[in-house]
K.L.:
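Could you have a look at this structure, given as structure tokens, before my questions?
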2 protein chains.
Amino acid sequence: MASQRGEGELTTTPLEPADRERARAIPEAAVARLAVYLRVLSGMVDQGVTTISSEELSQAAGVNSAKLRKDLSYIGSYGTRGVGYDVEVLVSHIERILGLTRKHSVAVVGIGNLGHALANYGGFPGRGFPVTALFDVDEDLVGVPVGGIPVNHIEDITTVCAEREVSIGVIATPPPAAQAVCDRLVSAGVQCILNFAPVVLQVPDNVEVRKVDLAVEMQILSFHVARRADEAANDLVNGIGVDGMVIRP
Amino acid sequence: MASQRGEGELTTTPLEPADRERARAIPEAAVARLAVYLRVLSGMVDQGVTTISSEELSQAAGVNSAKLRKDLSYIGSYGTRGVGYDVEVLVSHIERILGLTRKHSVAVVGIGNLGHALANYGGFPGRGFPVTALFDVDEDLVGVPVGGIPVNHIEDITTVCAEREVSIGVIATPPPAAQAVCDRLVSAGVQCILNFAPVVLQVPDNVEVRKVDLAVEMQILSFHVARRADEAANDLVNGIGVDGMVIRP
DNA sequence: CCGACTTTGTGCATGCGTTCACAAGCGGTA
DNA sequence: TACCGCTTGTGAACGCATGCACAAAGTCGG
Ligand SMILES: NC(=O)c1ccc[n+]([C@@H]2O[C@H](COP(=O)([O-])OP(=O)(O)OC[C@H]3O[C@@H](n4cnc5c(N)ncnc54)[C@H](O)[C@@H]3O)[C@@H](O)[C@H]2O)c1
Ligand SMILES: NC(=O)c1ccc[n+]([C@@H]2O[C@H](COP(=O)([O-])OP(=O)(O)OC[C@H]3O[C@@H](n4cnc5c(N)ncnc54)[C@H](O)[C@@H]3O)[C@@H](O)[C@H]2O)c1
């Protein structure tokens, strides 16, 4: 079912066989960083920077320069030794590898607190992710435009997603509704899902899910506070003050 | 400066020496999963489940059962062979390791689209993360209550953060303001920052930053679509149809 | 009390990701 | 053209995380 629109997508920007091999091999972690490099590089273009070294770019992106070079090497050799990288060339290659040569239409499901924020957010279209459809179960919301797009009823999800060629579905419903919404997105042919609801979604193999769980993020931060406070306590009993000074040498 | 409130925190829930060693050794990836297990287990408690096996819990959390057991082993041996884990015991141990035995007061900076959603969100307080302070630079917003809390002016950040013992700062301002806001949070003594602005923040070593970058998440999804479409194209030229059937054997 | 059955906890192998360190390559200069 | 200094690209080593497979340790029925 999901492959119905598949053939149409094959016509966009065919990759060279060599690139194909590489794309398969890029580690997930490197992909995430490539997206960050892309953002930094876009800023460079705006500032009129034409060339950048791995050292400079790695600083701006907050990573090790060796890691940066390795990440870039996954997508090919587009630098000039002794000089650095041509910013625009790098941008276009990263965009190509990340599949940003075509637009990815986004649907948001659940137009509550978070859904409103997402729909109103101006940052996505400019980066190739136009929000083209909004869905909610609340009759009072249906028809109301949010961020310029009228809310559709969740029942119409299959038709509307097909019409607008939605490729990414964002789930911003309460947790109990998330799995059902996910199932509907999947049967509407959406293969990429970004989930804000704190639940583990079950999906078929051909669907990619990423989750954003703010409570988990905070708990990780909490863990580090606790660990740090504990190390301080530990150091204290070992005769080292909290500011690093030795109390009783 | 950040250590001013440090000593007060040392009094909360001292860990046993054995736990201390363990806490230091827990891999970051495992910490993130422990938070997920905790959420799932909390749901189990509500359903009246008293005991759970690693197999069941791993299913519910969407991970491999061996990995789950290894993760749990980082925090100690609290299971019963042949039976499984006592849900409540496990909950309390994970909470202890994650430092959730004390509340972590949260401040949100930048009360725009996203800041409003965060301030109105009811999910944080119940998980030990009460939002106790809101800040914005916009005079029209100052004094207006959002989610029950009046917005303070950004200039008052140091005083207010100290008063309300803020331990986590959330940045939801436009990107150009993020680094300045971050610096102010840091000098106000906040050691944990959750950043929604798509910029790389520079912070001292004793401050922990986590970022949530939705555009990056979408680009990762985009990469997978591209890779998949490409594999399909590849299979096609090798004589395999998009639905997996061989066309010309 | 015993033996069969269940499930944990972990040693070990494997694979992935990071980092180091340097040869190869390029531009500039004399 | 030949040399010099700079930066890339990557082989190789290391460390961390994952998953397997099984001994150890417990429960439960008889
Ligand atoms: N607001 C936040 O800052 C925040 C933070 C972290 C996580 N989350 C998570 O994001 C999700 C949304 O949060 P929120 O604060 O926007 O909630 P909300 O209650 O404000 O909005 C939920 C919306 O989903 C709609 N909805 C409910 N069932 C639906 C269904 N079956 N199909 C379509 N729409 C449906 C509701 O009508 C409502 O408009 C929740 O799962 C929440 O846990 C939110
Ligand atoms: N809205 C979203 O769904 C979304 C999605 C992804 C990322 N983001 C990011 O989150 C951030 C906030 O997005 P938003 O849509 O809420 O923006 P917004 O423009 O709606 O709100 C920003 C708020 O920050 C305030 N502000 C500006 N400078 C400030 C300063 N120096 N100190 C304190 N407050 C200040 C503004 O007054 C405004 O109220 C942005 O960086 C954006 O890129 C937002």
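Protein chains get the first letters and strands the later ones, always in sequence-line order, with residue 1 at the start of each.
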K.L.:
In the structure I gave you, are the side-chain heavy atoms of A:Leu118 and A:Val131 within less than 4.5 Å of one another anywhere?
P.N.:
no

K.L.:
Got a donor-acceptor contact below 3.5 angstrom from the B:Asn195 side chain to the B:Val199 backbone?
P.N.:
yes

K.L.:
Grab the CG-C1' distance between A:Leu90 and D:dG9 for me, whole Å please.
P.N.:
14 Å

K.L.:
Does any N or O in the side chain of A:His104 come within less than 3.5 Å of the main-chain N or O of A:Gly99, such that one atom is a donor and the other an acceptor?
P.N.:
yes

K.L.:
Pick the nucleotide of DNA chain C nearest each of A:Arg81 and B:Gly84; which residue has the one closer to the 5' end?
P.N.:
B:Gly84

K.L.:
List in numerical order all residues of residues 48-60 of chain B for which some heavy atom is under 4.0 Å away from an atom belonging to DNA chain C.
P.N.:
B:Ser53, B:Ser54

K.L.:
Charged N to carboxylate O under 4.0 angstrom, A:Glu208 versus B:Arg228?
P.N.:
yes

K.L.:
With the criterion being N/O to N/O and under 3.5 Å, what pairs connect the protein with nucleotides 15-17 of chain D, and how long is each?
P.N.:
none

K.L.:
Run the numbers on B:Ser54 and B:Arg69 for side chain to side chain donor-acceptor pair (under 3.5 Å), then give the verdict.
P.N.:
CA-CA 6 Å; B:Ser54 64; B:Arg69 287 199 300 276; 3.0 Å; yes

K.L.:
Before you tell me yes or no, could you show the steps for B:Val170 and B:Val109 under side-chain contact (heavy atoms from CB on, under 4.5 Å), namely the whole-Å CA-CA distance, both residues' side-chain angles and the distance that decides it to 0.1 Å?
P.N.:
CA-CA 6 Å; B:Val170 177; B:Val109 186; over 6 Å; no

K.L.:
Hydrogens and angles aside, do B:Gln219 and B:Ser222 bring a side-chain donor and acceptor to less than 3.5 Å of each other?
P.N.:
no

K.L.:
Provide the start and end nucleotides, 5' to 3', of the part of DNA chain C that has atoms under 4.0 Å from heavy atoms of chain B.
P.N.:
C:dT6 to C:dC12

K.L.:
Nearest-nucleotide wise, let me know which of B:Gly79 and A:Ala30 is further upstream toward the 5' end of DNA chain C.
P.N.:
B:Gly79

K.L.:
Run the side chain to side chain donor-acceptor pair (under 3.5 Å) test on A:Glu95 and A:Ser92 for me, step by step, so that the C-alpha distance in whole Å, both residues' side-chain angles and the decisive distance to 0.1 Å come before the verdict.
P.N.:
CA-CA 5 Å; A:Glu95 283 180 342; A:Ser92 73; over 6 Å; no

K.L.:
Quick one: pull up OH in A:Tyr78 and CG in A:Asp86 and give me the separation to the nearest 0.5 Å.
P.N.:
13.0 Å

K.L.:
If I take atom OH in residue A:Tyr85 and atom P in nucleotide D:dC6, what distance separates them, rounded to the nearest angstrom?
P.N.:
18 Å

K.L.:
Indicate, yes or no, whether a donor-acceptor pair under 3.5 Å links the base of D:dG19 to the side chain of B:Lys70.
P.N.:
yes

K.L.:
Given atom CZ of B:Arg69 and atom P of D:dC22, what is their separation to the nearest angstrom?
P.N.:
14 Å

K.L.:
Pick one: which of A:Leu68, A:Val49, A:Val63 meets side-chain contact (heavy atoms from CB on, under 4.5 Å) with A:Leu57?
P.N.:
A:Leu68

K.L.:
Is the shortest distance from a Lys or Arg side-chain nitrogen in B:Arg210 or B:Glu28 to a carboxylate oxygen in the other one below 4.0 Å?
P.N.:
yes

